[in-house]
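A, B, ... follow the sequence lines: proteins, then strands. Residue 1 opens every chain. These numbers come from a predicted model, not from an experiment.
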Amino acid sequence: MKRYLGIALAALTAILGTTACGSRRPVLHVYTWADYFDMDVVRQFEREFGCRVRIDNFASNEELYAKLRAGATGYDVIFPTTYMVHLMRRENMLIPLDREQLPNLVHLDPKFRAISADPDNAYSVPYMFGTTGLGWRTDRVPEDFEASWTVFANPEFRGRMSMLADMREAMGAALKTLGYSLNSTDPGELAAAGELLKAWKPQLARYDSEGYRNSLASAELVVVQGYSGDIIMIREDDEVEEVRYAVPREGGSLWADEMAIPAGARQVELAHAFINFFHRPEIAAQNMEYNYYHCPNMAAYELLDDDFLSDPVIFFLLHGDPELLAKCEFIEDLGEANALYTRIWDEVRAAR
Amino acid sequence: MDGRRGGAGHGMRRREWTMSAPSLGWLVVFFAIPTTYILVLSFRPANPLGGVGEGWSLESWRRVFQPEYYAIYARTAWISGAATAICLLLGTPVAYTMARAPARTRAWLLTLVVVPFWTNFLVRIFAWKVLLHPDGLIRHLFGALRLIGPEVSLLNRPEAVLLVLVYTYLPFAILPIYAAADSFDFGLLEAARDLGASRFSAIVRVFLPGIRRGLGVAALLVLIPALGSYLIPDLVGGTRSVMVGNKITQRAFTDRNWPEAAALASLLTVAVFVPLLAVLRRPGSEAGR
């Protein structure tokens, strides 16, 4: 009996010991997009820096913004897109970065300095570039299918297509189709884009930013507006070989998700270490191979297979058709004009 | 809601207060304060950068009564109203059968009603997506029977939202109706038959009035969550299935317009309260007697 008691006590001390030890390890809170980096990378970071990483996901920049505005504190690293970085910076929602703690930024590809949200990396560091375009299934469309936003007018795919439930992306596709800038603030151009979206609507199954991946994989949807890496992931990871992605001939949106530290972060030093770690060449390469987006890290390029690195879809900014690339734009924050977009987008969604 | 009666004795009063203090406190902290906060928020101006502006404004309330919202209100009302009606229509015969069944069978039937809750709500909605898939079994069966044309989709439409709402909330309708039917004296039905009523009229004129409290509670338990549904229209609804709940989400998360989201939420709270008060304040609506 005594022996058992001894074992029990020993076990108890061991358990208490580990939890006490565990609670001393700092916790880094990361707020990011779903499936955006390899969890092995996170585990490696935890081991190297003796901390734990908690990950929380958002589905849109607006959700990230709304949550931080609502007073959510305690996040240490966030992954906003360029236009959201501008807005957050104007609103004093970001902490200035300490370049001393980010030595790996020497690997950043200078070609993309100019288009980055923050060329000097005073507040943010680019993580991944991607595009928004069309994904489709080769087994459900004619052989001569060509990627064009006008597919949404095609009654042949009625009820089997989706556009993103994202005001800027949906409006952007319509503006591009009409030959306008996707950052247009001209009321006439925006009204025309609204009319075009209303004309496309009867053919759409729904507006969807999250579920379209599964639906394209199961062929519930046949043509979708979506993000490049998300759609390639269906082909590569879910092994649905019939899935294709391209930027439509009218042009699409380009975007860069950045890493930044929000005001109110508790683990500022560890957050810097995390950002720096993500630009360590082998880590950046590992993440690119995981999510099929383009991390602008030159030293990491050298660690990738030639096949991978020459992929014009993943590395659209480097190897995409220059003529098509010229038609693409980055989404910018519109400040006051946002209300105009909201009004037209509302009309579209309320239309019969 | 706490079932207190008006005619309680004076000596009981203090005891009643101490007894109801915890639930009252709970209601104030988790219901009254947040609801009031939302209501106050709806009278503030919107700030295009998100958050809330300075001063006071009726703009949000003016906006929510604009015609472009009417289609959404009408859709929310018909989908949740129809879901309630169908749940009552399906739930009553089930509850009747359960109440009249022998004790052993009854226990089995009750378990069957509750079994779906063992599976997560979200998983069950995704199961419907599989069932209604354009290449799925049901779609092919309907197509083969020439019930629907080749271009008709079963998913992404208001009817799909209605179907999944009925599926989700049917147990909530069955249980209170069953509870009322269980305490109903079925001898009354035989008496009605003896006095010359047909089977149908005995049910309609004796049984249904006898369980009306249960029917009222069942209607509320379906109508209230259906009015506020957000996830179901989001997952199985299409471009024409947006309900008030989805609009509130859009206002709060993508449009950065909190006051308007608050005005919509307040409107929904009122829409929920009207039927609630109508059922709770009806005098003498005791079950069974």
Side-chain angles (χ1 to χ4, degrees), chain A residues 58-71 87-88 90-91 93 140 155-156 158-160 162-163 165-168 197-198 200-211 214-215 218-222 333-339 341-343 345-352, chain B residues 41 46-52 59 63 66-75 122 125-126 129-136 139 148-158 160-161 231 233-242 246-247 249-258 260-261:
Chain A
F58 54 81
S60 70
N61 278 295
E62 285 73 17
E63 188 181 337
L64 160 71
Y65 183 82
K67 194 137 173 203
L68 292 183
R69 276 310 280 235
L87 176 63
M88 289 182 159
R90 269 208 308 279
E91 294 289 294
M93 292 163 75
R140 303 300 172 106
E156 194 183 338
R158 192 189 175 105
R160 306 290 290 271
S162 74
M163 292 186 81
D166 182 309
M167 176 176 84
R168 295 301 307 277
L197 285 177
K198 282 182 206 166
W200 287 349
K201 191 176 168 185
Q203 282 73 247
L204 300 181
R206 57 181 188 269
Y207 296 104
D208 185 346
S209 300
E210 290 158 80
N214 283 327
S215 298
S218 80
E220 181 212 324
L221 296 175
V222 176
D333 185 60
L334 301 168
E336 299 280 331
N338 211 45
Y341 272 73
T342 303
R343 198 174 54 72
W345 178 235
D346 264 2
E347 275 175 30
V348 170
R349 300 205 64 171
R352 299 238 103 226
Chain B
L41 199 60
N47 174 349
L49 294 171
V52 179
E59 177 62 17
R63 290 280 303 267
Q66 291 296 303
E68 64 256 31
Y69 270 118
Y70 295 166
I72 291 167
Y73 298 150
R75 185 183 302 131
L122 205 58
I125 302 180
F126 273 97
K129 287 188 72 132
V130 174
L131 285 173
L132 300 176
H133 193 283
D135 295 336
R139 175 70 189 72
I148 47 175
E151 75 293 340
V152 179
S153 172
L154 298 175
L155 265 180
N156 304 315
R157 54 192 302 157
V161 177
L231 201 59
D234 205 46
L235 290 176
V236 299
T239 50
R240 287 171 179 74
S241 316
V242 176
N246 307 88
K247 213 66 197 172
T249 319
Q250 187 201 330
R251 289 285 177 263
F253 277 131
T254 65
D255 301 347
R256 309 173 198 165
N257 191 336
W258 289 9
E260 203 169 315

### Task
Counting only heavy atoms closer than 4.5 Å, note whether Arg139(B) contacts chain A via side chain, backbone, both or neither.
neither
#### Entry: Top contributor to chain B contacts, counting heavy-atom pairs under 4.5 Å, from Ala70(A), Ser215(A), Gly211(A)
Ala70(A)
Do the side chains of [Y] and [X] get nearer than 4.5 Å, heavy atoms only?
| X | Y | value |
| --- | --- | --- |
| Glu220(A) | Leu155(B) | yes |
| Glu260(B) | Thr342(A) | no |
| Arg206(A) | Ser241(B) | no |

Side chain, backbone, both or neither: which part of [X] has a non-hydrogen atom closer than 4.5 Å to chain B?
| X | answer |
| --- | --- |
| Ala165(A) | neither |
| Arg140(A) | side chain |
| Leu87(A) | side chain |

[atom1]/[X] to [atom2]/[Y] distance, rounded to the nearest 0.5 angstrom?
| X | Y | atom1 | atom2 | result |
| --- | --- | --- | --- | --- |
| Lys247(B) | Arg349(A) | NZ | CZ | 6.0 Å |
| Arg160(A) | Asn156(B) | CZ | CG | 10.0 Å |
| Thr239(B) | Asp208(A) | OG1 | CG | 12.0 Å |

#### Entry: Heavy-atom closest pair, residues Ala66(A) and Ala252(B)
CB-O, 3.8 Å
## Note on the structure
Residues passing the ring-ring contact (aromatic ring centres under 6.0 Å, His included) test with Phe253(B), sequence neighbours excluded, are none
